[in-house]
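Here the structure comes first, spelled out in structure tokens, and everything after it is commentary.
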Amino acid sequence: MLGYLSVGVFIDGGYYAKVNRALKAIESSIIRVRSLFDFICGRLAYEEGVNPSDCQITEAHYFRGRYRVKEAYDRHLLYNERKFEDTLIENDVVFHYKHLREVEKDGVVQVIEKGVDVWFALEAYELATFRKFDYVVLITGDADHEMLVRKLKALKIKTVLLTWNLTDVDATSPLLKEEAGHHWELSHIVHQEPALKNHLLYRLREPAVNPLGDEF
């Protein structure tokens, strides 16, 4: 049992947006960042047998590709991006962005988010090395982060994979789940604890009918 828990949280923005899109479609809701962080601290404190006040998220980081300002303006995304950034700032989350690139192939324009996953892994590993977190919580489902989890375990840092699968097809890599020391699948947890879902979610005033809020 540890007397005090220092927790680092790293959020894959693409995965987080995918979860929120599904929540909007199914629940007309989005995740409350503050409530999610409270859940993380509360659960870790319970598992380690410490007082919840002695379990603190000492750093939280969010990684995402995003459009340049003119492209975001043309797509009417600026307001929602700033609104979400306000939420991150209010919860002391450091955001890391790389510009999206558009590539045309066979007459079809594809949006490419290049380098964000590598940045995510490098930053998480470097900060875990220097900050000496007791726990690192990774909010992602990407198989590319399997080696990151392995490296964190080599540092003897306890690693939690936090996912929320809301579709028929599991969006979480089986290899990533297998590698993680702890895996919290929120769809299972809220099924067992129905009141938790109401705590974690912010209900939208109107059902989402367009993709403009995908950043939340």
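Just so you know, residue 1 is the first one in the sequence shown, and it goes up from there.
For the pair D117 and D12, the tightest heavy-atom approach, listed with the atom from each and the gap, is OD1-OD2, 4.2 Å.
Within the 4.5 Å cutoff, no side-chain heavy atoms of L200 are placed close to those of I31. V9 is listed as a side-chain neighbour of F37, based on a closest heavy-atom distance under 4.5 Å. The closest side-chain heavy-atom distance from V136 to V160 is not below 4.5 Å. Taking the side chain as every heavy atom from C-beta outward, L44 and W184 approach each other to under 4.5 Å. Using a 4.5 Å cut-off on side-chain heavy atoms (C-beta onward), S29 and L204 make no contact. Looking at heavy atoms from C-beta onward, F133 lies out of side-chain contact with V7 at the 4.5 angstrom threshold. A 4.5 Å side-chain heavy-atom check between I40 and L162 finds at least one atom pair inside the cut-off. In this structure the side chain of Q56 reaches within 4.5 angstrom of the side chain of Y4, judged on heavy atoms.
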Show every donor-acceptor pair shorter than 3.5 Å between a side-chain atom in residues 142-154 and any protein atom, with sequence neighbours excluded, or say none if there are none.
residue: D142; atom: OD1; partner: D144; partner atom: N; Å: 2.9
residue: H145; atom: ND1; partner: T140; partner atom: OG1; Å: 3.2
residue: E146; atom: OE2; partner: R150; partner atom: NH2; Å: 3.2
residue: R150; atom: NE; partner: E179; partner atom: OE1; Å: 3.4
residue: R150; atom: NH2; partner: E179; partner atom: OE1; Å: 3.1
residue: K153; atom: NZ; partner: E179; partner atom: O; Å: 2.7
residue: K153; atom: NZ; partner: E179; partner atom: OE2; Å: 3.2

List the atom pairs, donor and acceptor, that lie under 3.5 Å between side-chain atoms in residues 88-96 and the rest of the protein, sequence neighbours left out.
residue: N91; atom: OD1; partner: R34; partner atom: NH1; Å: 3.4
residue: N91; atom: ND2; partner: T87; partner atom: O; Å: 2.8
residue: H96; atom: NE2; partner: H61; partner atom: ND1; Å: 2.8

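Because its NZ or CZ atom is both nearer than 6.0 Å to the ring centre of Y97 and within 45° of the ring axis, R66 counts as a cation-pi partner of that residue. Judged by the 6.0 Å distance and 45° axis criteria, R75 is positioned over the aromatic ring of Y67.
For Y15, the ring pair (Phe, Tyr, Trp, His ring centres under 6.0 Å) criterion is met by no residue, not counting sequence neighbours. Residues passing the side-chain contact (heavy atoms from CB on, under 4.5 Å) test with Q192, sequence neighbours excluded: none.
No donor-acceptor distance shorter than 3.5 angstrom exists from the side chain of E123 to the backbone of F120, with no hydrogens or angles considered. Using modelled atom types, one side-chain atom of T159 and one backbone atom of I157 make a donor-acceptor pair closer than 3.5 Å.
Transitive grouping of hydrophobic side chains (ILVMFWY, heavy atoms separated by less than 4.5 Å) brings V116 and L138 into a common cluster. Hydrophobic clustering of Ile, Leu, Val, Met, Phe, Trp and Tyr side chains at less than 4.5 Å, counting indirect connections, unites Y16 with L166. Placement of Y135 and I11 within a single hydrophobic cluster is found when ILVMFWY residues are connected by side-chain heavy-atom separations under 4.5 Å, directly or transitively. Grouping the Ile, Leu, Val, Met, Phe, Trp and Tyr side chains by contacts below 4.5 angstrom, directly or via other members, places V137 apart from L176. Transitive grouping of hydrophobic side chains (ILVMFWY, heavy atoms separated by less than 4.5 Å) keeps V33 and F63 in distinct clusters.
Using a cut-off of 4.0 Å between Lys/Arg side-chain N and Asp/Glu carboxylate O, E47 and K158 are scored as not salt-bridged. Salt bridge status for R203 with E27: absent, with no side-chain N to carboxylate O gap under 4.0 Å.
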Handout entry: Pair R32-L201, side-chain contact (heavy atoms from CB on, under 4.5 Å): steps then yes or no
Key = CA-CA 5 Å; R32 289 182 185 270; L201 298 183; over 6 Å; no
Handout entry: side-chain contact (heavy atoms from CB on, under 4.5 Å) evaluation trace for F10 with I139
Key = CA-CA 6 Å; F10 297 86; I139 302 177; over 6 Å; no
Exercise for the section: Quick one: do T163 and V19 satisfy side-chain contact (heavy atoms from CB on, under 4.5 Å)? Show the steps, please. Expected result: CA-CA 9 Å; T163 60; V19 172; over 6 Å; no
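R64 contributes atom CZ, which lies 11.5 Å from atom CD of E85 (distance to the nearest 0.5 angstrom). Separating the CG atom in L77 from the NZ atom in K83 is a distance of 14.0 Å, to the nearest 0.5 Å.
Counting Ile, Leu, Val, Met, Phe, Trp and Tyr side chains that sit under 4.5 Å apart, directly or through other members, V118 shares a hydrophobic cluster with L122. Other residues sharing a hydrophobic cluster with L78 under the 4.5 Å side-chain heavy-atom criterion for ILVMFWY residues are V69, Y73.
Checked by atom type, the side-chain pair S187/E185 shows a donor-acceptor distance below 3.5 Å.
Heavy atoms from other residues, nucleotides or ligands lying under 6.0 Å from NE2 of H191 number 12 at most.
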